[in-house]
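Working notes, beginning with the structure itself.
What's counted below: heavy atoms across the whole structure, side chains too, no hydrogens, waters or symmetry copies. First the proteins, then the strands, lettered A, B, ... as listed; each starts at 1.
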Number of protein chains: 2
Amino acid sequence: MADDSKTDRRTAAERAYVSVRDSISSGRFAVGERLTEGALAEEAKVSRTPVREALRRLASEGFVTLSPHAGAIVKGWSEKDVRDVFETRALIESHAAGLAARHANAADVQRLAAMAERMEPLARSSPREVMAYSEANRAFHAEILRIAGNLRMEEIALNFMDLGFLVRSYAQFETEDVQRSLSDHRQLVTAIGAGDERCAEAVMRGHILSAALIFRGTGPEAAPRGTRPLPAAPTPEHEKEPSR
Amino acid sequence: MADDSKTDRRTAAERAYVSVRDSISSGRFAVGERLTEGALAEEAKVSRTPVREALRRLASEGFVTLSPHAGAIVKGWSEKDVRDVFETRALIESHAAGLAARHANAADVQRLAAMAERMEPLARSSPREVMAYSEANRAFHAEILRIAGNLRMEEIALNFMDLGFLVRSYAQFETEDVQRSLSDHRQLVTAIGAGDERCAEAVMRGHILSAALIFRGTGPEAAPRGTRPLPAAPTPEHEKEPSR
DNA sequence: AAACTATTGATTGCATACAATCCGTCAAGT
DNA sequence: ACTTGACGGATTGTATGCAATCAATAGTTT
């Protein structure tokens, strides 16, 4: 973060993207807050052009919504939005788990098992290692998707996992939930190792849907208190469906 | 098209996007062809800035691949890419069909039936109405996704349907295939109207996977001869997976 | 002749200046 | 008092100029 040296290999657009995305994921920008290009540009120490590029990308990934001439606002998530995302994840990742069970070789299973094992200590040192645990969890799911061998499903599922509200939700996990989650992972490794597609599918579906339950249980005030004043708690519904 | 009047409500970026996308979908740009910002800007009568924006969006939607400092090339589709897309579509849209069967009301079914019916004459006047048929087909699938009520799945499936190679593939349909496709649609309407989730799922899965079979049957020379010289048929594999 | 290096041309990436648009405010009219 | 209209500030959208980077070519060396 203190590395503002000029020898930055990444493009300015990439820096802007990471900067804004992290600020959203970490909750520094409140849901519903309007992001002006100028301010973001100043913060990331680039001009407005790469910031615009970053914002378009973030919009396509679901982090912000932007309307012509009105700019970008941090996207809020209604109950239904969250349910839709988890439902889609459950559909895709359970199918992927089945494919993984079919395709996995010995090395794949070995790797998965190692990853699952590595998560256990992270789960115990609960309160502060949320980020590390979340990262490890993402890597585990990513590995299963990779083994499944469908790039489209991999992209979609990973994008969903990266949406900010997921990371926040891990903070709400009770130790009991974490234990069940770890158990799920072990079961997944076993099922995939045994080549039992149906079992892998079912476990993955349950794994994700139960996570959805926990998250939704945290209630509508899932907005994390960020490092800044939180300019007036926004109404729970920023984008209402136009009834269509 | 002749409307280059200055009273164009759309933004320049939107015009650039449509311009480039249409040129790709229609095959005017060959697979593997390199697209330079300057040329595209001139063609769409805008500056390079909105063209860049359009290219990023097209990349996120899978029409082009772009690498830093190297620009954009029209994306090619390997056998596996196509299989992945159809597999994912089958997974999502079959699930959506099931949801639609659960959620549809009388008006929804009415609308679907009308759309299915309207496609029949388009199918008969086969050779030239490919575009109209393709549009109607897209609308039919889109309506089912809308009824299903999961925005994420809707977005994903529609994006996949819009990928160029699909449109091209319709040109390859034999009348026999079209008849089966129409029959599938009628069956879908019936199943959804009856609230039979399993049936709707199964029919949709078969509908999409059989379309995949037909498409793949057209072989690797699916690259349509465009209106321009086709600068040397590119090798079938432009983007090879880095083996990971 | 082959391989490696330097240079040139073209293209992308970025910054900045300018134009178009939107939103809030205030004034005037009904 | 309420609506309507216009003005002003701020923000987004677009164009253009310049710097950074890459690819290809020519030239040099082994």
Which residues satisfy the side-chain hydrogen bond (donor to acceptor under 3.5 Å, both in side chains) test with [X], sequence neighbours excluded?
X	answer
B:Arg34	none
A:Arg21	none
A:Ser23	A:Arg28
A:Arg48	A:Glu37

Residues in side chain to side chain contact (heavy atoms under 4.5 Å, CB included) contact with B:Ala104, at least two apart in sequence or another chain: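 Checked B:Ala104 against side chain to side chain contact (heavy atoms under 4.5 Å, CB included); matches are B:Asp108, B:Val109, B:Ile147, B:Ile192.
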
Name all residues meeting the ring pair (Phe, Tyr, Trp, His ring centres under 6.0 Å) criterion together with B:His95; count only those two or more places apart in sequence or in a different chain, and write none if there are none.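 For B:His95, no residue satisfies ring pair (Phe, Tyr, Trp, His ring centres under 6.0 Å) once neighbours in sequence are set aside.
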
What does nucleotides 9-18 of chain C look like as a protein-contact string, B for base, S for sugar-phosphate only, - for none, at under 4.0 angstrom between heavy atoms? --SBBSBB--

Going 5' to 3' along DNA chain D, between which two nucleotides do contacts with chain A fall, using a heavy-atom cut-off of 4.0 Å? D:dT11 to D:dT14

Please identify each residue that fulfils salt bridge (charged side-chain N to carboxylate O under 4.0 Å, His left out) with B:Arg152, with sequence neighbours left out.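 B:Arg152: no salt bridge (charged side-chain N to carboxylate O under 4.0 Å, His left out) contacts found.
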
